[in-house]
Amino acid sequence: VSNEMSNGHDFPKKFGGFTTVFKQNGDREIVETTSLELITLCEASHVDSVRFFEETVQQCEKVIQSVSIPYRVVNHCSGDLGLAPAKKVSIALWDKETHEYIPCAQAAYYHDFQSRRLGLRYEGAQGSARFVHTLHLTVSLSQELLKKIVAYNQKDDGQFVLSDSVPGHKELAEEKVEKNIKHTTL
């Protein structure tokens, strides 16, 4: 997509992928985490950038709400944004054990900062070349996140129950039971 001129009617364009990150915790321990990366390219319109940004954050919040984990969304102040983003928020989950919020996702929109560096343009009105706006969501898919989902959804008797609002969880559970039955049948 770099140094490419797109048609202005092709937006938004959405891309997703997984990245592996190695972080050092403490003095010696190195921890591997996987992140889900979602990138949106949209027309060079502040209104569109804000709309897609808010939709992305709301979708991330819906997923967290569906697994019943307390969370907060923190808007970063301009002094904390750094050079590139026009706006950035972090989503943090409440940890029952440590009694603190642990960051799990970060969303930002960059207007045309990244697209200028990559040469991502599209043909705007009257045939003028415009740089696209870029939005980015990173969600950390760590073991800690899974632990929190279990901690907030495990009942006193040890059963693990997800809310009915989690899409597809009943179908997955039924499929798993069906597979286990097939495997255990002699």
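Computed from a predicted structure; not experimentally measured.
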Item checked: In one Ile/Leu/Val/Met/Phe/Trp/Tyr side-chain cluster, 4.5 Å: V89, I102 -> no
- Item | Side-chain donor-acceptor contact under 3.5 Å, S45 with H133 | no
Taken to the nearest 0.5 Å, the spacing of C104 SG from D95 CG works out to 12.0 Å
Sorted by chain and residue number, the ring-ring contact (aromatic ring centres under 6.0 Å, His included) partners of Y109 (sequence neighbours excluded) come out as F53, H111
Less than 4.5 Å apart, any side-chain heavy atom of Y71 and any of W94? no
Check: F18 and S35 side chains under 4.5 Å, non-hydrogen atoms: no
CD (Q59) and CD1 (I64) are apart, to the nearest 0.5 Å, by 12.5 Å
OH (Y122) and OG (S115) are apart, to the nearest 0.5 Å, by 9.5 Å
Side-chain heavy atoms of I91 within contact of C60, under 4.5 Å: yes
CD (E43) and CZ (F11) are apart, to the nearest 0.5 Å, by 7.0 Å
Exactly one of L120, L118, D112 clears side-chain contact (heavy atoms from CB on, under 4.5 Å) with F131, and that residue is D112
_T40 vs F15, side chain to side chain contact (heavy atoms under 4.5 Å, CB included): CA-CA, chis, key distance, verdict_ = CA-CA 6 Å; T40 303; F15 303 92; over 6 Å; no
L36-L93 co-clustered via ILVMFWY side chain contacts under 4.5 Å: yes
Open item on the list: Treating R121 as the side-chain partner and R130 as the backbone partner, does any N or O pair qualify as donor plus acceptor under 3.5 Å?
Closed with: no
Would you list the atom pairs, donor with acceptor, under 3.5 Å between side chains in residues 134-141 and any protein atom, with sequence neighbours excluded?
from, atom 1, to, atom 2, distance (Å)
T134, OG1, Q114, OE1, 2.8
H136, NE2, E37, OE1, 2.6
T138, OG1, E37, OE1, 2.8

Rounded to the nearest 0.5 angstrom, the NE2-OG distance for H76 and S90 is 2.5 Å
Salt bridge (Lys or Arg N to Asp or Glu O under 4.0 Å) pairs touching residues 54-75, sequence neighbours excluded, are R51-E55, E54-K87
